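Read through the structure below, which is laid out as structure tokens, and then see the notes.
In this text, all values refer to a predicted model and were calculated from it rather than measured experimentally.
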Amino acid sequence: MPRLIVIKGVDEGKQFEVSGEHVGIGRDSSNRIKLHDTEVSRRHAEIVRTAEGYRLIDRGSANGTYVNNQSIRDVLLQAGDQIQIGQTLLVFSGGARESVWEPLPGGDLADHISLISRQDLELPSAIVQSIGEAEGSRILAHPEQVEGPWLKNALANLMYQATQAVSHILDLNQLLERILELIFRHLDADRGCIMLREVSASELASGGSELPGSPIRPSAELQPKAVRWRDGVNRQEKISISRTIMEYVLREKQGILVSDAARDERFQAAQSIVRHGISEIICVPMKGRHETLGVLYLDACTPSRDPFGGSTALRKFTGEHLFLASAMAHQAALAVEETRYYQAMVQAERLAAVGQTIAALSHHIKNILQGLRSGSEILQMGIKEMDPVLLQQGWKNIEKNQAKIYDLVVDMLSYSKEREPNIESTDLNAVARDVIELLAPRAKELGIQLVSALDETLPKCPADPEGIHRALLNIVGNALDAVEGAQGPRVQVATMQEEDGPWLRVEVRDNGGGIPPEKINDIFRPFVSTKGARGTGLGLAVSRKILREHGGDILVRSQPGQGSVFILRLPLRSPLAPETGSTHTDLPALPPIP
């Protein structure tokens with residue numbers, strides 16, 4: 001199924017499936033694809049499924065819609081197209097509806113391929129031209145050295161388009177479909193398919209191959225991964241692939257161009273050629289960096305006629321087509337290797353992430369359990385000795401660790417769950433005062449000066465007061481932890497409106513030890529904590545997530561030995577508010593930390 005993948009912007013990393021006849025894109029919650037970019041209109045654009053494919057239509061947005069850096073009103077999307085909406089960049093993953101074969105419900109590509117049993121044949125005299133499997137790599141490495149203007153031009157276009165597809169289409173089957181579609185634009189083939197060797201789970205874990213340079217397994221284990229027909233060709237008819245030709249290509253490690261195969265006596269035993277009257281075939285091995293992964297197979301059933309009215313049939317395939325097919329087969333093989341390597345890396349990273357998460361949670365839970373056990377033991381001693389001081393101390397320990405359990409669970413849920421902010425007109429000064437009031441007793445107990453510098457002229461902004469309260473509470477609580485034990489510990493909470501843009505700020509400044517430059521980028525990662533057993537390692541990650549859900553962000557500036565300042569930025573025009581786009585501005589330079 002086609003998808004939109006966000007590769008830049010507030011929603012970076014998100015993927016949206018394009019399903020249904022109409023898919024809205026915008027900031028409003030009624031859109032199937034909802035973006036939090038403040039420069040995106042509430043109802044910015046729409047993807048419509050038509051007979052020819054998926055069309056992107058701009059809805060008269062304030063800031064416009066761009067496809068591949070071109071302003072558009074209505075355009076047919078192709079796989080790999082880059083869509084710019086506001087500050088958000090998306091990639092369309094999926095081909096046009098008619099340009100890529102779509103299997104019937106419950107169908108399988110193998111149902112559209114017929115492999116004819118092998119016959120023992122001599123070397124076919126019908127091979128017009130052959131090419132070594134390593135030639136595709138040489139062509140791609142030095143396209144300027146190929147002969148003929150047509151081939152040079154075709155290579156230039158295909159290499160660019162294929163590179164774009166490889167860069168942006170993550171699904172392997174969609175990627176191969178796109179490559180096959182590009183090949184059909186330059187070769188007058190009737191039918192074609194890409195056959196790949198199946199990869200086991202153990203091979204995928206090791207990067208997709210057993211041993212570099214290992215020979216490909218028998219062609220019976222090749223499976224179709226992409227199938228295509230020329231417009232006008234009956235798609236219900238199976239594509240019969242000559243196992244004879246395919247095995248010859250794999251055995252001899254050569255790509256071949258076969259012409260007039262139906263009349264060659266040495267191919268009479270290949271029933272696929274005789275029965276369907278295939279006159280020309282291109283079959284090239286898909287050679288990657290280390291091994292041959294499969295084959296690219298193209299055929300032409302109906303020969304072109306002499307344009308001057310003669311009866312002599314003109315060949316559809318030439319040596320240039322064979323060279324082009326070999327280059328594209330190599331490009332496809334490289335893409336398969338990269339995709340399988342990427343899948344192996346993702347699988348390894350997922351396992352590593354699970355391990356790190358379990359280790360981090362185990363560490364935090366163990367510390368909490370130790371605190372609960374200690375409190376329980378003190379409580380038991382107080383009960384046994386009827387000592388009210390011990391009872392109070394034990395119960396205080398238990399309450400403290402119960403609060404840690406609650407905070408850990410809430411942080412985990414907040415971080416892992418997609419949350420819809422409950423937007424309303426919010427007074428940031430009121431939120432800041434409430435946070436300061438809550439933390440004032442703790443600051444007083446630790447001897448920390450907790451002060452405020454609130455801009456009383458600050459306008460209200462559309463925000464979720466509960467979410468902003470939680471984020472600010474995390475940041476100010478961290479600041480108190482940072483200055484604990486420092487000389488003259490001080491934390492300041494300030495609010496202000498930026499002069500050069502419609503943005504509000506809440507700044508939390510401390511004069512603690514600061515954060516080393518090499519650790520600045522790590523503090524927002526989950527389960528990264530500088531507070532040891534006192535923190536869950538999720539507070540900053542959750543806080544940034546909340547701000548980004550509002551179309552804002554949390555930024556930090558820190559100088560080791562001089563303290564830190566955390567800036568919570570909120571737009572005056574929320575992504576979920578009724579106003580259309582606004583202008584995103586760069587953050588001005590910060591004054592020195594006092």
Considering residues at least two apart in sequence or located in another chain, which fulfil the side-chain hydrogen bond (donor to acceptor under 3.5 Å, both in side chains) criterion with [X]?
{"X": "Glu46", "value": "His22"}
{"X": "Asn429", "value": "Thr495"}
{"X": "Thr426", "value": "none"}
{"X": "Asn173", "value": "none"}

Taking [X] for the side chain and [Y] for the main chain, is one N or O donor matched with an acceptor at less than 3.5 Å?
{"X": "His550", "Y": "Asp464", "answer": "yes"}
{"X": "Asp37", "Y": "Thr88", "answer": "yes"}
{"X": "Ser558", "Y": "Gly514", "answer": "no"}
{"X": "His469", "Y": "Glu466", "answer": "no"}
{"X": "Glu337", "Y": "Arg289", "answer": "yes"}
{"X": "Glu518", "Y": "Ile520", "answer": "no"}
{"X": "Asn474", "Y": "Ser543", "answer": "no"}
{"X": "Asp553", "Y": "Arg548", "answer": "no"}
{"X": "His44", "Y": "Gly64", "answer": "yes"}

Search all heavy atoms of [X] against all heavy atoms of [Y] and return the closest pair with its distance.
{"X": "Ile567", "Y": "Glu507", "answer": "CG1-CG, 4.1 Å"}
{"X": "Pro571", "Y": "Cys461", "answer": "O-CB, 4.3 Å"}
{"X": "Ala443", "Y": "Leu480", "answer": "CB-CD2, 4.1 Å"}
{"X": "Ala471", "Y": "Leu547", "answer": "CB-CD2, 3.8 Å"}
{"X": "Leu175", "Y": "Ala335", "answer": "CD2-CB, 3.5 Å"}
{"X": "Pro489", "Y": "Val483", "answer": "CB-O, 3.4 Å"}

Under the side chain to side chain contact (heavy atoms under 4.5 Å, CB included) test, residues paired with [X] that sit two or more places apart:
{"X": "Pro459", "value": "Gln497, Leu504, Leu572"}
{"X": "Ile57", "value": "Val48, Asp74"}
{"X": "Ser71", "value": "Tyr66"}
{"X": "Gln449", "value": "Val451, Arg490"}

**Request:** Step by step, work out the side-chain contact (heavy atoms from CB on, under 4.5 Å) result for Leu4 and Ile25.
**Result:** CA-CA 11 Å; Leu4 283 180; Ile25 305 174; 4.0 Å; yes
**Asked** Crowded around Glu424 CD? As in, over 12 foreign heavy atoms under 6.0 Å?
**Response**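 Yes, CD of Glu424 has more than 12 neighbouring heavy atoms, counting only those of other groups under 6.0 Å.
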**Item:** side-chain contact (heavy atoms from CB on, under 4.5 Å) evaluation trace for Leu379 with Leu391
**Value:** CA-CA 5 Å; Leu379 194 63; Leu391 287 172; 3.8 Å; yes
Quick check for you: to the nearest 0.5 Å, what is the distance between [X] atom [atom1] and [Y] atom [atom2]?
{"X": "Asn478", "Y": "Asp510", "atom1": "CG", "atom2": "CG", "value": "9.5 Å"}
{"X": "Ile5", "Y": "Phe16", "atom1": "CD1", "atom2": "CZ", "value": "11.0 Å"}
{"X": "Asp434", "Y": "Leu472", "atom1": "CG", "atom2": "CG", "value": "9.5 Å"}
{"X": "Arg55", "Y": "Thr50", "atom1": "CZ", "atom2": "OG1", "value": "6.0 Å"}
{"X": "Asn63", "Y": "Gln87", "atom1": "CG", "atom2": "CD", "value": "9.0 Å"}
{"X": "Arg3", "Y": "Leu90", "atom1": "CZ", "atom2": "CG", "value": "13.0 Å"}

**Item:** Note, Asn69 side chain near Gln84 side chain (heavy atom, < 4.5 Å)
**Value:**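 No, too far: nothing below the 4.5 Å cut-off.
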**Request:** State, yes or no, whether a side-chain contact exists between Leu473 and Leu439 at a heavy-atom distance under 4.5 Å.
**Result:**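 Of all side-chain heavy-atom pairs linking Leu439 with Leu473, at least one is under 4.5 Å.
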**Request:** Go through Asp427 and Lys460 one step at a time and tell me if the salt bridge (Lys or Arg N to Asp or Glu O under 4.0 Å) criterion holds.
**Result:** CA-CA 5 Å; Asp427 184 352; Lys460 291 185 177 181; 5.7 Å; no
**Item:** salt_bridge(Arg178, Glu181) N-O dist < 4.0 Å
**Value:**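 A salt bridge is present here (some side-chain N lies under 4.0 Å from a carboxylate O).
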**Test log, rule side-chain contact (heavy atoms from CB on, under 4.5 Å), inputs Ile475 and Leu540** = CA-CA 7 Å; Ile475 300 299; Leu540 284 177; 3.3 Å; yes
**Asked** Quick one: salt bridge (charged side-chain N to carboxylate O under 4.0 Å, His left out) pairs with a partner in residues 444-457, sequence neighbours left out?
**Response**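 Counting only pairs at least two positions apart or across chains, the salt bridge (charged side-chain N to carboxylate O under 4.0 Å, His left out) contacts touching residues 444-457 are Arg433-Glu456.
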**Leu56 and its side-chain contact (heavy atoms from CB on, under 4.5 Å) partner, picked from Asp81, Leu77, Ile85** =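 When Asp81, Leu77, Ile85 are each tested with Leu56, the side-chain contact (heavy atoms from CB on, under 4.5 Å) holds only for Leu77.
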**Request:** Start with the C-alpha distance between Ile398 and Leu372, add both sets of side-chain angles, then the distance that settles side-chain contact (heavy atoms from CB on, under 4.5 Å), and finish with yes or no.
**Result:** CA-CA 5 Å; Ile398 291 174; Leu372 287 172; 4.2 Å; yes
